[in-house]
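Treat the numbers as computed from the prediction; the structure is a model and nothing was measured. Chain letters run A, B, ... following the sequence lines, proteins first and then strands; every chain starts at 1.
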Amino acid sequence: MYIVLAPPSNGQRISAGGDAQAAFLPVDAAGAPTADAIVVPVAQLGETVRRMEQPGIRWVWDSTRSWYPGLLAAGISVERCHDVALNREILRHSPSSSATEYGSQLQSRPDEAEDANPARVLPPLAPSPLQESLFETTQPAAGADVVEVSAEFAAQQRAVRDSDRPAQLALLLAAESAGALIAAEMEHAGIPWRADLHNELLESQLGPRPRDGHRPAELERLAGELRTALDNPRFNPDSPQELLRALHRAGIEVSSTRSWELQRHNHPAIAPLLKYKKLSRLLTANGWTWLDIWVHDGRFRPEYVVGGSMSGRWASRGGGALQIPHQVRDAVRADTGYTLIVADAAQLEPRVLAVLGRDSALAAAGRGLDLYQGIADQGFGGDRAKAKVAMLGAMYGATTGESGRLMPQLTRTYPQAISVVETAARTGEAGGVVASFLGRGCPPPSERWLSAQQTSSAAEQQRADSLARSRGRFTRNFVVQATAAEWALCWLAELRRRLRANTADYASAHIIFFLHDEVMLHAPRELADQVSAMVTEAARAAAQLMFGEIPVEFPVNVVVVDSYADAK
DNA sequence: ACGCGTAGCGCG
DNA sequence: AAAGCGCGCTACGCGT
C-alpha cells in the first residue's frame, strides 16, 4: 500500500562508509511497518523503485522535490505519492485538524514557510545523502530519516482521521501530492520554446540585439523622441523619479508614472512614452537575456512551487513562468508531429462561489457557457461588462468605483452567494480564520496585526481599521480563490490519471504548463482529439469528486493549436 | 560591494 | 474606466 522512501536511520545503514543510501519501508495506512526496511545504495535507487512500483502503491516521502526529479531523469514515473512536507503545511493551518494532536503540535512549531531560516531554530542538519550522483536537488531532504518520515506520516494519517472533515481533508492532501508529482513532471518535460522565433519577435520590435549595456535601436529612438517632446535633453526614461519630474516640468500633472494614469492625458510625449514602457518591459523581462538564461535545447524549464501561495495556488521560481506575456506566446510551438492542447476553465471563481453558497440563481446563470452573460441577463440588462465588474468586485472586496456601485444589485439577485464572501470578510476583519471547501485554512493574523487592533488612541484607530478591512478583503477572496485552486488541482490530477490509464498509448502526451485555471499539454497530433476529450471529462470528474452531485457546471474551453499565441 | 524597499507591470 | 485579491521579476535608489 504505502512505501516510505527516505535516508536510512543510523542503525539501518548497510555499511559504515559514507556512500549515500536510501531506505524503503513498507507501512500500512496507519503508518505502521508491515515488513523490514530495505536499504540500498542510491546507485540502485531507480531500479528498486521501478521494481516496487505497482498500481495502488503510494510513495511516502518528505518532499517530492528531493526524490522525484532524479527518478524522472532515470525514466521512472510513479502513480501516487504522499508528500509529507506539503501535507504538513496544509495540516498546520487547517481549522479542521487544528484540534488534533499533530495539528496543535504544528501550530506551536515554527512555520518553515514563514521562517526563512529554519537553521536558526532547528539544529543544523547533515547534508542530504541524495545530493550526489543521480539525485541533484535544490532542496535537501530536510535530514529526516525513514523512521522520522514514517512517524510523521502516521501522525498525519491520524490527524486526518481525527479531523472534523476526514474525507475532504484526505482528498485535499491527495490532490496536493498529485500536484507535486505533476509539477516535477512538468519541469522534466519543459515548455517547447522556439528561441529563433522569440529572437525574430524581439528584433522586429526592438531592432537587432545591442551590445551589453546599450539600448536597442527602437528604444533609443523613442528615448530621443521623448527628450524632444518633453524638451529635456538628458533625462533617463528608465527612472520613474526622473520621469515624474520631467512630466511635471512639461505640465503633465500625474501622481505616478503608471501607464493607465498616463493614458488619460493629452500630450505629444504620452504616446512615445507608453510605447517606450511597453518595449522596455519586453526587453527587461523577456528579452535576449531571458532567452539566454531560461531557454535551453528548445525548452523553457521553470521551477514550480506547489502550494506556493496561502490559497494553495502554485507559485514559480525562475523565468517568471506564471507571467508569460501574451506578446511572446508565439514562441511556444509544438514539436513537429505534435500539437498543443490548451484548456481553461470558464469563469471558475464565480462558479465556485455558486457552490459555496448553494446559490441556485447563480447556478442557473451559469447554465450556459458564459456565466457573466447569464448574470447580465438576470440583473444587469444584458450588460456583460457590468456583470463581470460587479462579480469580480464582490470577490475582491471593492467598495468604490463602478463595481462598488453595482454590488447592491448583485446582493439582491444572489443573496446566498454574496453572503459567503461577506461572512468571510467579517470573520477576517475580526481576526478569525476561514477555510476553503476542502479545508485549507488561511493563516491567522500576525502579532503585529493583533497588537494594532489593541490600540485605544483615536489616531491609531484609523490605521487599525484599515488593517482590519485589508484582512477582510484577504479572507473574502481566500474562500473563493482557495476552493478554485483545489478544483484546479483535482482537475489536473484527474487528467493525469486518465493519461496514465493507458501508459503505452499516452506516454508521449504530457502536461507541460499549469496556470491557476488553465492547462497546456504537448501531444502527438493523432492523439489531440482523445486528449481534448480527457481534459473535458477530467473537469466534470473534478467537480463530482469535490462536490458530489450539484447543479453547478464547470465547463472548460479546449483548443488544439500549433502556437500558444493562438490559444487566446 | 551587497541587501532591501519601492515602483511598475506581467499573469490569473 | 482605472478599484479591489493572489503571485514573480526587474530596475532604481537608498542604506550599510
NA contact type, [X], heavy-atom cut-off 4.0 Å: base, sugar-phosphate, or nothing?
{"X": "A/Thr400", "answer": "sugar-phosphate"}
{"X": "A/Gly318", "answer": "sugar-phosphate"}
{"X": "A/Gln241", "answer": "sugar-phosphate"}

Sub-4.5 Å side-chain heavy-atom contact between A/Leu230 and A/His267: yes
Closest-nucleotide 5' rank along DNA chain C - winner of A/Gly320 and A/Gly397: A/Gly397
Residue whose closest nucleotide on DNA chain C lies nearer the 5' end, A/Glu402 versus A/Ser239: A/Glu402
Complementary nucleotide of B/dC2, counting Watson-Crick and G-U pairs under 3.5 Å: C/dG15
Watson-Crick or G-U wobble partner of C/dG4, both distances under 3.5 Å: none
Donor-acceptor pair present, A/Arg313 side chain and B/dG12 base, under 3.5 Å: yes
Near-strand residues of residues 322-331 of chain A, defined as heavy-atom separation under 4.0 angstrom from DNA chain B: A/Leu322, A/Gln323, A/Ile324, A/Pro325, A/His326, A/Arg329
Atom pair distance, as rounded to whole Å: CZ in A/Arg473 and P in C/dG4: 6 Å
Stepwise side-chain contact (heavy atoms from CB on, under 4.5 Å) test for A/Phe513 and A/Ile324: CA-CA 11 Å; A/Phe513 189 60; A/Ile324 300 171; 4.1 Å; yes
